[in-house]
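Here the structure comes first, spelled out in structure tokens, and everything after it is commentary.
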Amino acid sequence: MPQVTRLDSESDAPVCKDGPTGCMLEDQSKRRVNCRRGSRCNFTQSGSRDLPADDPPHGEREQRFGMAELWWRCSLWLPGWRMIRYEGPYTPSLFGFPDMPPFSAFDPDCFPRAAKTASPGQQEPALGVLPEWNLADLYPSADSKAFLDDLARAEAECRTFAEAYRGRLAALAKEDGGAGLLEAIKRYEALDDLMGRIMSFASLSWHADTSDAARAKSFGDTQEKMNAASAELLFFQLELNRLDDATVAALSHGKLAHYRPWLEDIRKDKPHELDDEIERLFHEKSVTGRNAWNRLFDETIASLRFRIGGEEFAVEHALNRMQSPDEATRKEAAEAIGVTLKENGRVFGHITNVLAKDKEISDRWRHFEDIADSRHLSNRVEREVVDALVTAVRDAYPRLSHRYYRLKAKWFGKDALDYWDRNAPLPNVEAREFPWDDARKTVLDAYAGFSPRMAAIATRFFDERWIDAPVRPGKTTGAFAHPTVPSAHPYVLLNYLGKPRDVMTLAHELGHGVHQVLAAPNGALMAPTPLTLAETASVFGEMLTFRALLAKAKTVAEKRTLLAAKVEDMINTVVRQIAFYTFERKVHSERRKGELTVEKIDELWMSVQTESLGSAVRFGPGYESFWAYIPHFIHSPFYVYAYAFGDCLVNSLYGVYEKAQEGFAERYLAMLSAGGTKHHSELLAPFGLDARDPAFWQIGLRMIEGLIVELEGLEGK
């Protein structure tokens, strides 16, 4: 009988020294540490014994983590056991996989070594146990029966739905007060949830490791199938929008009252909708069009390696080194990023040109006047509101970013900051590292101080493994909160390295997650929130965490560090994002005149950087290519102003909260719970705020300026 190893305490756990390999652990709190294939793993054994008699059947094992994952982890999950390591010869009866090649024992050298993530002699921070998300709440695996059955069901249901309702909506609207139309909308919403669940699983699996060919193929195949299936549903919104206004108004106050916000919302798209067959063509070609170029960008960025100090790093680690306390490390990282991005400039330039032209074609066919109008429409915000925001922020550059970077240059003893110093920690300040448990406590305590309900929702993300935190080769860079679908729950992706900014990122993404949980009861059609309002909860969560940390500051140095970090985050969220928006406008405007060279894109990038950052920041060779790694330009053109919108809006909200806390939390959570059912003017009215008022934006900008003034007041103390 093959032997297994039982680990009876955390002290017995294997130590994964170089990153990914083949063990799977779980502690008493049900937190799992997955060491994937690719490098060594040392075991401390606490004894061996035969496999227990209650070994679950093959089907249950496969449902838990999938055949491929079981094999590559070389481990087995059994009831009452925290980790089982297979040490005996391969036997089909043990694993139940007849096509698995035999092996005599787990040899840590049997797989190729992974690229190291730390320089020789340099250790990554002791962050504790970092959680990896459990996607089994969506599906056990991409080859599980549940996933394949739902995939087939979605394809079949789309066809039968189209057969049942295409060309019949006008008649259904007139029958029995629209009862038949109500049933159709409910069925449409259920389909939306089903397909959203399928695509969420495929997408999240791929984001966890974009370098895995099997995941990439599964994601691509699923995307193609769902795209083809959903093409059958395009008629539905088009036919609804062809109903006359009087009919829709009557139905919206009758049997379709629940869906009134959605019906009113989709009718805003009516002036830009095309004939059914053209819409279908646009939809079907998106797989080989925009979606394909998005995927190429993601996989290219994930595959790049930046050579720093004789080692090769993925983009996330390279960017992180630009926040090192050591200037030589920052400089070397910045220059390495510039070199590698420049070497791949033709690819990124081509992707940018293709997608800008693709957008121009779509905008022209849909009769959008301005290059950003389609984004404003999807955000449900008026162009003049965005224009007022942009003007207010650009006018504030001198008293915000220019002023702060002059102050920071003084701290660094320079006449101007080199660009690799812009996000550097303050000199002569001990950099604090936050182990994962400390980050969790910091954020949850801050949330609880505002609203116990908000903290309770956020706690579920930790306890139920809705977070994927470790940095891994191939994992998508940055961070996001994916809402999935109302019938499931959101997931948060981080690349956690223990920096104070990582704690703020955790607070930010959990804010999104809380918002998504609260909005879910509105259903698949009305839970999604426009991007401008989607940033509200995330930035508010950051603000709560910052204020909680600031209140605990015991020294002037600690207070200065916190204030400086917050000001930099606000500048990055407001000033930088409006500069990014300005850059996008320039790129898309120039692209309408003809294809852009990489040098031209570089020139446009530098023009907005010098304007927004001012003379206190000195740019060196290589920085002109830094536009190339920013995913928002590729995935969501003109999305970036939503960050500035959300930050300024939250600053205004927080000002209201500071003046009158009684009942504020209830009104705030009610605003989040509305999801996509209300316009921003309706949501802000209970707080006495109106984003259409030009003076509104000054409230948020003055808060940033006030923090800079507070920093200046600490000089000499």
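We're numbering straight along the sequence, starting at 1.
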TODO: Would you check if Y491 and F461 make a side-chain contact, meaning some heavy-atom pair closer than 4.5 Å?
DONE: no

Open item on the list: Contact between V385 and F645 at the side-chain level, heavy atoms closer than 4.5 Å - yes or no?
Closed with: yes

Open item on the list: Could you check whether F580 and H632 have their ring centres less than 6.0 Å apart?
Closed with: no

Task: R242 atom CZ, neighbour heavy-atom count above 12 within 6.0 Å - done: yes

Open item on the list: Take a 6.0 Å sphere around CZ of R383 and say whether it holds more than 12 heavy atoms from other residues, nucleotides or ligands.
Closed with: yes

Task: Any L234 side-chain heavy atom under 4.5 Å of D276 side chain - done: no

Task: From S211 atom OG to D298 atom CG, the distance as rounded to the nearest 0.5 Å - done: 12.5 Å

- [ ] Would you kindly say whether S374 and R366 are connected by a side-chain donor-acceptor distance under 3.5 Å?
- [x] no

Open item on the list: Would you say the ring centers of W293 and H350 fall short of 6.0 Å from each other?
Closed with: yes

Task: Aromatic plane relationship, W262 with Y259 - under 30° parallel, 30 to 60° tilted, over 60° perpendicular - done: perpendicular

Task: F161 vs E232 side-chain heavy atoms within contact, under 4.5 Å - done: no

Task: T340 and E343 side chains, donor-acceptor separation under 3.5 Å - done: no

Open item on the list: Counting only heavy atoms from other residues, nucleotides and ligands, does the tally under 6.0 Å from NZ of K678 exceed 12?
Closed with: no

Open item on the list: Return the SG to CD distance between C158 and E163, rounded to the nearest 0.5 Å.
Closed with: 11.5 Å

TODO: Might you work through the side chain to side chain contact (heavy atoms under 4.5 Å, CB included) test for T573 and E535, ending with a clear yes or no?
DONE: CA-CA 11 Å; T573 304; E535 293 301 329; over 6 Å; no

Task: Between H680 and E382, a side-chain donor and acceptor under 3.5 Å - done: yes

Task: H588, R375, R585 screened by side-chain hydrogen bond (donor to acceptor under 3.5 Å, both in side chains) with D370, the one that passes - done: R585

Task: Flag side-chain contact, heavy atom, 4.5 Å: W133 against L493 - done: yes

Open item on the list: Could you check whether N495 and H317, counting side-chain N and O atoms only, form a donor-acceptor pair closer than 3.5 Å?
Closed with: no

- [ ] Tell me yes or no: between the side chains of D193 and S487, is some donor less than 3.5 Å from an acceptor?
- [x] yes

Task: Atom pair CD/CD1 of E273 and I278 - distance to nearest 0.5 Å - done: 12.5 Å

TODO: Name the orientation class of the two ring planes belonging to F583 and W605 (parallel below 30°, tilted from 30 to 60°, perpendicular beyond 60°).
DONE: perpendicular

Open item on the list: Measuring centre to centre across the rings, with the benzene-like ring taken for any Trp, is Y188 within less than 6.0 Å of F236?
Closed with: yes

Open item on the list: Tell me whether the rings of F201 and Y139 are parallel (<30°), tilted (30 to 60°) or perpendicular (>60°).
Closed with: perpendicular

- [ ] Go through the steps to decide whether D212 and W206 satisfy the test side chain to side chain donor-acceptor pair (under 3.5 Å), and finish with yes or no.
- [x] CA-CA 8 Å; D212 186 295; W206 177 71; over 6 Å; no

Open item on the list: For a side chain to side chain contact (heavy atoms under 4.5 Å, CB included) check, start with the C-alpha distance between E157 and R187, then their side-chain angles and the critical distance, and finish with the verdict.
Closed with: CA-CA 10 Å; E157 176 64 9; R187 190 169 164 185; 2.7 Å; yes

TODO: Using a cut-off of 6.0 Å, state whether more than 12 heavy atoms not belonging to K270 lie near its atom NZ.
DONE: yes

Open item on the list: Can you confirm whether the side chains of H376 and Y641 place a donor and an acceptor under 3.5 Å from each other?
Closed with: yes

Open item on the list: Between E284 and N227, do the side chains contain a donor N or O and an acceptor N or O under 3.5 Å apart?
Closed with: no

Open item on the list: Measuring only between side-chain heavy atoms, which start at C-beta, is F219 closer than 4.5 Å to M199?
Closed with: yes

- [ ] Evaluate the side-chain proximity of D363 to E369: yes if any heavy-atom separation is below 4.5 Å, no if none is.
- [x] no

Open item on the list: Side chains of H679 and S681 only: does a donor on one sit below 3.5 Å from an acceptor on the other?
Closed with: yes

Open item on the list: Quiz question: by atom type and distance under 3.5 Å, do the side chains of S203 and H482 form a donor-acceptor pair?
Closed with: no

Task: R215/T210 under side chain to side chain contact (heavy atoms under 4.5 Å, CB included): CA gap, chis, key distance, verdict - done: CA-CA 7 Å; R215 294 182 191 226; T210 62; over 6 Å; no

Task: Inter-residue atom distance F235.CZ - L240.CG, 0.5 Å rounding - done: 8.5 Å

Open item on the list: Could you check whether any side-chain heavy atom of F638 comes within less than 4.5 Å of a side-chain heavy atom of V386, counting everything from C-beta outward?
Closed with: no

Open item on the list: If you count heavy atoms of other groups shown closer than 6.0 angstrom to NZ of K268, is the number above 12?
Closed with: yes

TODO: Go through the side-chain N and O atoms of T247 and D244 and say whether any donor and acceptor fall under 3.5 Å apart.
DONE: yes

